[in-house]
Amino acid sequence: MRKSRKLFALCLAAFMALALLAGCGDEPAKGSGTSNAAVDKSSRPKDVQAVVDRGVLRVGVKNVTKGFGYQDPATGEFSGLEVDLANKIAEHLGVKAEFTPVTAATRTALLDSGDIDCVLATFTITDERKKSWDFTTPYYTDHVGVLVQNSSGIKTLADLKGKTVGVSSGSTSAKALVEAMVKAGVIPAESYDAKTFDPATWTSGIKFKQYDDYPAISTALSAGEVDAFCVDKSILAIYNTGDRSYIKEEFAPQNYGIATKKDSGFSKVCDDLVQGWLKDNTIKTLIQKNGLDK
Ligand code: GLU
């Protein structure tokens, strides 16, 4: 009896020593809130160390997409889910986040040039894009929609036949719309080839005009320069004023991921963090906080 108690005490002591040792060990990017202090400097990839040394994480975000990335014109303050996530990544590294407004047309050039360390800007993960940049596990899924003036009478994908649609340069929108129209039988499948599709030259059943940013498309819609405005519904939301409506269909799920330079050490840090925040509901809470769950 006494012997077994002694053995138990010994085992307990050994277990506690092991647990203590494990506690000192370092699991950099896992879990939700591991702070900078917990990150082992010697194991940090060079590019991550460069951010830490700089003391600033440079992030590309949208500045007109309420709920995701929005800059208050009066205060200059950034807010939204993607701003919150960027601040949390910066906090994990023990640095400050600095925001650069980006559009669908500018975000990848700024990442390639090293002006920004990552993009959190309603950036849809696609196989094509994965060839050039790393993406984290998705933190949000949206769908593409089409916004029209009520006076146009356009209500469905079929009604868009022969119309001109405003899209953003460098976005997935035109391709998603043509694919949805092919699927719905509005555009003949034979005329579509995903590999060669180019919104600038597409004329089968629908035409596109490309713009540098979303406010310009909204203005073009009001002016009758385009018959419809097509992009992710999260982006369309603030342009859906009383005299406008969505067409019936929404299509093409858009998974948003954080984009980083291909094969960079920072890619893994971001993905580990996102996975941890998905698991512990941090992302769910931030989605709710930013009103994106409605
Ligand atoms: N999410 C879409 C894309 O990545 C729409 C464009 C945008 O994010 O501005 O292409």
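Sequence positions, counted from 1, serve as the residue numbers for this chain. Side chains included, hydrogens not; waters and symmetry mates left out as well; all remaining heavy atoms used. Each ligand, and each atom within it, is numbered from 1 in the order the structure gives.
- Relative ring orientation between Phe229 and Tyr239 is described as tilted, the plane-to-plane angle lying within the 30° to 60° band.
- Between the side chain of Lys175 and the backbone N or O of Pro199, no donor-acceptor pair lies under 3.5 Å.
- Taken together through direct or relayed side-chain contacts under 4.5 Å among Ile, Leu, Val, Met, Phe, Trp and Tyr, Val59 and Phe68 form part of one hydrophobic cluster.
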Report all N/O contacts between ligand 1 and the protein shorter than 3.5 Å as a table of atom names and distances to 0.1 Å; if there are none, say 'none'.
from: ligand 1; atom 1: 1 (N); to: Thr122; atom 2: O; distance (Å): 2.7
from: ligand 1; atom 1: 1 (N); to: Thr124; atom 2: OG1; distance (Å): 2.8
from: ligand 1; atom 1: 1 (N); to: Asp232; atom 2: OD2; distance (Å): 2.6
from: ligand 1; atom 1: 4 (O); to: Arg107; atom 2: NH2; distance (Å): 2.9
from: ligand 1; atom 1: 4 (O); to: Thr122; atom 2: O; distance (Å): 3.4
from: ligand 1; atom 1: 4 (O); to: Thr124; atom 2: N; distance (Å): 3.0
from: ligand 1; atom 1: 4 (O); to: Thr124; atom 2: OG1; distance (Å): 3.3
from: ligand 1; atom 1: 4 (O); to: Arg129; atom 2: NH1; distance (Å): 2.9
from: ligand 1; atom 1: 8 (O); to: Lys62; atom 2: NZ; distance (Å): 3.3
from: ligand 1; atom 1: 8 (O); to: Arg107; atom 2: NH1; distance (Å): 3.0
from: ligand 1; atom 1: 8 (O); to: Thr122; atom 2: O; distance (Å): 2.7
from: ligand 1; atom 1: 8 (O); to: Thr122; atom 2: OG1; distance (Å): 2.8
from: ligand 1; atom 1: 9 (O); to: Lys62; atom 2: NZ; distance (Å): 2.5
from: ligand 1; atom 1: 9 (O); to: Tyr214; atom 2: OH; distance (Å): 2.5
from: ligand 1; atom 1: 10 (O); to: Arg107; atom 2: NH2; distance (Å): 3.4
from: ligand 1; atom 1: 10 (O); to: Arg129; atom 2: NH1; distance (Å): 3.4
from: ligand 1; atom 1: 10 (O); to: Arg129; atom 2: NH2; distance (Å): 2.9
from: ligand 1; atom 1: 10 (O); to: Thr172; atom 2: N; distance (Å): 2.8
from: ligand 1; atom 1: 10 (O); to: Thr172; atom 2: OG1; distance (Å): 3.2

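- Minimum heavy-atom separation, Ile125 to Thr136: CD1-O, 3.5 Å.
- Between Tyr139 and Leu286 there is no side-chain heavy-atom pair separated by less than 4.5 Å.
- Distance alone, capped at 3.5 Å, places no donor-acceptor pair between the Thr164 side chain and the Phe208 backbone.
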